[in-house]
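What you see is a predicted model; the values in this text were computed from it and never measured.
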Amino acid sequence: SSSSSSSSSSATDCDDVNTPPSLSSLIASLRDLKSGSDIRGEFVDHARVGSIHSVCHAVQSRPRGSPAALTPLSAYFLGHSFASIVKER
């Protein structure tokens, strides 16, 4: 019984090999945003308080072929990344 719970707990752990489906979906949506001199996407709102799963649901509930999802969470990640680059320079 303990070995089955340890193997099931590893299915929810985040590491280099094992990424939960909701996190994988968010990473893919970040990669879909076009960058260069700007970022292009369509605003997709989500609850500001909650889980990564709620953000993932907002992104995945869009019709196929929609532009990349620019969510408040992705805007935060992109802003934080930009600030880190500016700070290093």
Side-chain angles (χ1 to χ4, degrees):
S1 165
S2 64
S3 65
S4 86
S5 63
S6 68
S7 65
S8 65
S9 67
S10 66
T12 60
D13 292 341
C14 289
D15 58 29
D16 290 342
V17 180
N18 186 22
T19 305
S22 57
L23 185 56
S24 294
S25 176
L26 292 178
I27 291 169
S29 74
L30 280 168
R31 287 184 179 137
D32 288 344
L33 292 169
K34 303 298 180 211
S35 63
S37 62
D38 62 352
I39 296 166
R40 295 178 188 248
E42 183 176 81
F43 179 71
V44 176
D45 205 3
H46 59 74
R48 302 299 189 275
V49 177
S51 67
I52 292 293
H53 181 73
S54 66
V55 179
C56 178
H57 176 73
V59 169
Q60 289 181 334
S61 65
R62 303 172 65 239
R64 283 198 177 273
S66 296
L70 180 59
T71 65
L73 183 63
S74 62
Y76 171 80
F77 288 150
L78 294 166
H80 188 276
S81 298
F82 179 73
S84 295
I85 291 169
V86 170
K87 183 179 174 184
E88 287 177 10
R89 291 181 183 193

Review point. Which atoms form the tightest heavy-atom contact between Asp45 and Pro72, and what is the distance?
Key: OD1-CG, 3.9 Å

Point to revise | Ile39 CD1 to Leu78 CG distance, which is reported to the nearest 0.5 Å | key: 4.0 Å

Practice item. Group every Ile, Leu, Val, Met, Phe, Trp and Tyr by side-chain heavy-atom contacts under 4.5 Å, then state whether Leu33 and Phe43 land in the same group. Key: no

Exercise for review: Any pair with a residue in residues 73-89 that passes side chain to side chain donor-acceptor pair (under 3.5 Å), sequence neighbours left out, goes on the list, sorted by first then second residue, please.
Suggested key: Thr71-Ser74

**Study point:** CZ/Phe82: more than 12 non-hydrogen atoms of other groups inside 6.0 Å
**Key:** no

Check your understanding: If you look only at pairs with a residue in residues 52-69, which of them pass as a side chain to side chain donor-acceptor pair (under 3.5 Å), with sequence neighbours excluded?
Key -> Ser25-Gln60, Glu42-Arg62

Study note, to complete from the structure: When every non-hydrogen atom of Ala58 is compared with those of Val44, the smallest separation belongs to O-CG1, 3.6 Å

